[in-house]
Amino acid sequence: MKITFYPYDFEYKVENGKVYVYSYSKLDNGRKVAIKHQHRVFFYASLDNVNQTELKKRLENLTIEKKPLPAKVIGYEEVERELLGKNKSFLKIYANYPQAVPLLAKQLDDWGVECFEKDILFIHRYLRDLDLIPMTEIEAEGEYQGDIFLAETLKQKSKNTCGWKILALDIETYSVKKEIDMVKNPILMIALYGKDFRKVITWKKFSASDPSIDFVEDEKKLLEKVSELIKKYSPEIITGYFSDGFDLPYIKKRVEITKAKFDFELVIRDQARSGEVKINKLLHLDLIKFIKQIFGLDLKVESYSLDNIAEKLLGSKKHIVNLDKLTDVWNNHPEKLEEFCSYNLQDAKLTFELCEKLLADMIEFSVIIGLPLFDITRMRFGRLVESYILKKAIAKNVIAPNRPGDSEVSERMNESIKGAFVYEPTPGLYRDLAVFDFRSLYPTIIISHNIGPEGFHCSCCQDNQVPFHSQFWFCSKKQSFLPSVLKEVIDRRTEVKKQIKLAEQKEKVRLEAKSYALKILANSFYGYLGYYGARWYTLESAASTTAYARYYIRDTITKAEKKGFKVCYADTDSCFLLLGDKQLDEAMTFMRDINGSLPGNMELEFEGFFTRGIFVAIKGSGKSKLLGVPGNSEFSAGTDKGAKKKYALLSSEGKIKITGFETVRRNWSVLAKEVQREVLRLVLEDKVDLAIAYTKSVVKDLKKGNMPLGKLILKTQLTRPLKNYRVLAPHILVAQKMVEQGEPVSSGTLIKYIIVKGSGLIRDRAKLPHEVKEGEYDCDYYINHQLIPAVSSILTVFNYSEEDLFQESSQTGLGKFI
DNA sequence: CCAGGCCGGGG
DNA sequence: GTGTACGGCCTGG
C-alpha cells in the first residue's frame, strides 16, 4: 500500500544485522506514524597507489572487535568519483552498521589507504542519498507492521509542508541570589502554551483567578503532570527559549532526582558544549540558536534575551516581575504567586509566537539543505553551507574532501587574508550623491571567476592571474563544482524573486522565507572558503574573492573619475558619486557602461540618489580650532582623516539613513542619542545654524538642571560576578551599593546610574537613578562625556569647535544663531 | 600586544 | 552519534 507522510524526527536502529531509519512523521489526517526503511552504510577508500588485490583480500577478512557488534566490511564496489576537480577511482565500502565506519576507516588509514566520507552522520547520509526533504510530503510504498509502516520504497512527492502542532514550554525555578543550581533547586512551575492551549502547573497552593493555573502536590507530580499534558496534546514540535541550555536539561535532572515518571526520553548530546537536547520521537526546537546564528543577522540587537527578541520580532514584551522575589514569595507569601504564574505563561506564549513566526523560515532552510530541522536550527553558517554542498555533491558524483584535523585547524586559524577596500572620505557635507553597489558582489565574483579549490592552479590558465596575486589563477575553461553549486543558489533565488512578484499573499510569505534562506546561503560561501573547519577550505579562494572585489571597486572609481564624476566614498561593494553639474541619467549611463564590461553575472546596481551626505573626521584627528570660513555651500574639514563606515545620507524623499554613528550604543544616554540624531537631521537639511542653536539650547537646559533624569541614565552590563572586578568603574560601585541595599546583582545584570554633582572621582559620584534628586546631575559630566562626543565630530565639519558650543565665555559670534 | 579565559541564554 | 561550539570581549602577563 501507499501512504504520504511528513517526517519531523529521525533515528536509526540496527535490527538483525540490518540498519533501519525510523522517520517519525505526521500523516495527512493529523495522526503520527513511524516509517521504517532500510538503508546501506558505506564510505569510500581512495585507490591511488593502492594494491587492490591485497586491499580486497584484507577487507574480506577484516573484523574489528566492538561491543555489541564487531565492525565488518559486508561488500564493496569500484566506482569513479570526482575529488577536488580530479576524476579518480574509489572503492565504495559497505559496513555492517554506522558506528563501524570510523573503526574500519581508521584501520584502512593505518594501512595507508586514504578514506573519505567516513564521518557523515548516517541520517544525513540517508536523506541525501534518497534525496528526501524533512517536513515535506513524501510517499512510501510498503506495509504496516503493527504501528510501524515498513517502507519498501520512498520518494519525494512534493516540497509542500503541512500544518504543525507546536507546544512551547518554560520553567521557573527556586533560586537564591540568582544562583542556578539544578541539583539543589527544584522547579516551581512549568508553563505550556499552544494554539488553544495554555496551562501553568505549580505545586504550591494559593487562590488563583486564572483558570489555566493547575495545582499538584509536589515537584514530582508536577513533572508527571507535564508529561501527561504533553502526551495528551500530542504536538510534533516542542519549543523553548534556551531550552537546550536550561529548561530541558533542568527537567531531565529533576526527573532523575524526584524519580518522576516522565514519558519523554530527553537525550543530552554534547554536554561539553552548551548542549543539545533531543526529545525522542518529537522535534525539539530551541529558538535562540537559530535566531542567534542564522536568522538574527540583520536584527541589530544588543542581546538575544527573550525579552529583547520578542520585542523586536513580535512587538511584545515579557511581563515585568521581580524574579529575585520568587523564592521569597514561594516560601513566605504564596498568595502572591499568581503574578509569577502569569509571567511564566507569558514567556511560554512569546516563545510559542516566535516559533510560529519563524517556522516557515526554519523549514525553508531545511527544504533547501535537506537535513532534519533539529540539526538545521542548531547549525552555524559553516556547517549550513557545507551541508548544502554535500547534498549537491551526490548528483555531481563528487566526493567530499575530509575535514581538517586538529593540527590543520590550528594552522588555518593562524592564517588571514586581506579584506575589502574602503575609500577614505574627506570629512564634509556633500550634495547630490548617486550611490551604486554591486549586487551580491562576493558570490558573483566567485561564480564569474570560477573561484574554488578545484580550478585553482589548473594547468591550462596560468595567464588568468588574480589581481594583486600574480601567483594565483583559476581555470577559465571548465566550471568547477563549488562555483556551480553557488550559481545554482543564485539562480534559484532569482527565480524565487520572480515568483514573489506574481504570488498571492500566502504563498508570498513562504517564497520570502525561501529567498531569505537562499540569500544567507549565497552570502556564506565566501566565508566558507576561509572557514577553518571547511572541507573545501582554500584560503587562496577567499583571498582571490576579496582581491577581485578590491579590483572592481577601484576600477569603478577610476572610470567614474575619468568620466568627470568625483567619488567621495566607497566601501567593499558600493561607490558614492558626486553628480556635480551632471544629471542623474549621466550617472545611470555610466553604470550601464560598467555593466557592459563586467564578466559573468556581476552587476552594478543603482542604490539611490541622495541630496545630502555628511562624512565626519576620525576621532582624535579632528581639529578643535577654527580652520577658516566655509566657502560656499560645501564645507570641508581640509586635512582631517575621514572616518570610514560612518556617514549619514538624506534621500530625495527626505528620509535619513545613518550608518556607523554610535546612536545605538547602550552606554550612551538617551540624551546623547537624541541630540546626535537631531543634529544630523538638521545639518543634512542645511540647517546648520539651527543645529548649533539646538545644541546650545540643550547645553543651556542641562546647565539649568532642567533635563529629565530619564534621559541621563547610563547603563553598563556586568560581564562577570561582582567580586571578580578589581578596577572600580562607576557601574561597579553602583552595583556594590545595590548589593548593600539587598538587591542581588550578578553577571549579566544591567547597572543603571546617573553621575551627580560634587567633587572627587566620577565613580564616587555615580548614583542609582532613584536616589538622584531633580537637577542633582553633573551637567559638566554630561556635556563633556555625552554631548560633546555625540556631536562634535558632526559640527567640526562646519568649522565649529567645541569651545564655540560649550563654553559660555566663547566670543565667536554664535549669538546670531540664538 | 598577545595568549588564554570566560561568556552567552536561562531563574 | 559515521560530529565534539564559537566568536567576541576582557584580562593579566
Picking from [options], which would you name as closest to the side chain of [X]?
X        : options               : value
A:Arg269 : C:dG1, B:dG11, C:dG3  : C:dG1
A:Phe122 : B:dG8, B:dG11, C:dT2  : C:dT2
A:Arg125 : C:dG1, C:dT2, B:dG11  : C:dT2
A:Glu172 : C:dT4, B:dG10, B:dG11 : B:dG11
A:Ile180 : C:dC6, B:dG11, C:dT2  : B:dG11
A:Arg380 : B:dG11, C:dG7, B:dG9  : C:dG7
A:Tyr531 : C:dC6, B:dG10, B:dG11 : C:dC6
A:Leu323 : C:dG1, B:dG11, B:dG9  : B:dG11
A:Leu306 : C:dG1, B:dG10, C:dT4  : B:dG10

[atom1] of [X] versus [atom2] of [N]: gap in Å, rounded?
X        : N      : atom1 : atom2 : answer
A:Ile268 : C:dG1  : CD1   : P     : 13 Å
A:Lys325 : B:dG11 : NZ    : C1'   : 15 Å
A:Tyr97  : C:dG1  : OH    : P     : 17 Å
A:Leu248 : B:dG9  : CG    : C1'   : 14 Å
A:Lys178 : B:dG9  : NZ    : C1'   : 14 Å
A:Gln99  : C:dT4  : CD    : P     : 14 Å
A:Phe242 : B:dG9  : CZ    : P     : 9 Å
A:His124 : C:dT4  : NE2   : C1'   : 14 Å

Just call it for [X]: base, sugar-phosphate, or nothing, with non-hydrogen atoms closer than 4.0 Å on any strand.
X        : value
A:Leu104 : nothing
A:Asp347 : sugar-phosphate
A:Gln293 : nothing
A:Tyr532 : sugar-phosphate
A:Pro98  : base
A:Asp170 : sugar-phosphate
A:Phe43  : nothing
A:Ile171 : sugar-phosphate
A:Phe340 : nothing
A:Lys66  : nothing

Kindly compute the distance separating CG (A:Asn402) from CZ (A:Arg535), expressed to the nearest 0.5 Å.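 Answer rounded to 0.5 Å: 6.5 Å.
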For this output row, return yes or no: ring centroids of A:Phe374 and A:Phe10 closer than 6.0 angstrom.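 Aromatic pair excluded; centres sit 6.0 Å or further apart.
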Do A:Phe116 and A:Tyr44 have ring centres separated by under 6.0 Å?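 Centroid separation for A:Phe116 and A:Tyr44: 6.0 Å or greater.
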Give a yes/no on whether any side-chain N or O of A:Lys292 is located under 4.0 angstrom from OP1 or OP2 of B:dG10.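 Answer no for this pair, as no side-chain N or O of A:Lys292 is under 4.0 Å from OP1 or OP2.
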Please name all residues satisfying ring-ring contact (aromatic ring centres under 6.0 Å, His included) with A:Tyr250, sequence neighbours left out, ordered by chain then number.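 Partners of A:Tyr250 under the ring-ring contact (aromatic ring centres under 6.0 Å, His included) test: A:Phe246.
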So does A:Asn332 have more than 12 non-hydrogen atoms from other groups sitting under 6.0 Å from CG?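 It does: A:Asn332 CG has more than 12 such atoms within range.
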Quiz question: going by heavy-atom distance under 3.5 Å, is there a donor-acceptor pair between the base of B:dG9 and the side chain of A:Asp244?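 No, no donor-acceptor pair under 3.5 Å.
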Using salt bridge (Lys or Arg N to Asp or Glu O under 4.0 Å) as the criterion, list what pairs up with A:Arg254, not counting sequence neighbours.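 Applying salt bridge (Lys or Arg N to Asp or Glu O under 4.0 Å) to A:Arg254 gives A:Glu219.
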Heavy atom of residues 109-116 of chain A under 4.0 Å from DNA chain B: which residues?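 None, since no heavy atom is under 4.0 Å.
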Sequence neighbours excluded, which residues qualify as side-chain contact (heavy atoms from CB on, under 4.5 Å) partners of [X]?
X        : result
A:Glu15  : A:Lys13, A:Tyr20, A:Tyr22, A:Lys36
A:Ala534 : A:Glu386, A:Tyr528, A:Tyr531, A:Tyr537
A:Asp375 : A:His124, A:Arg269, A:Pro372, A:Met379

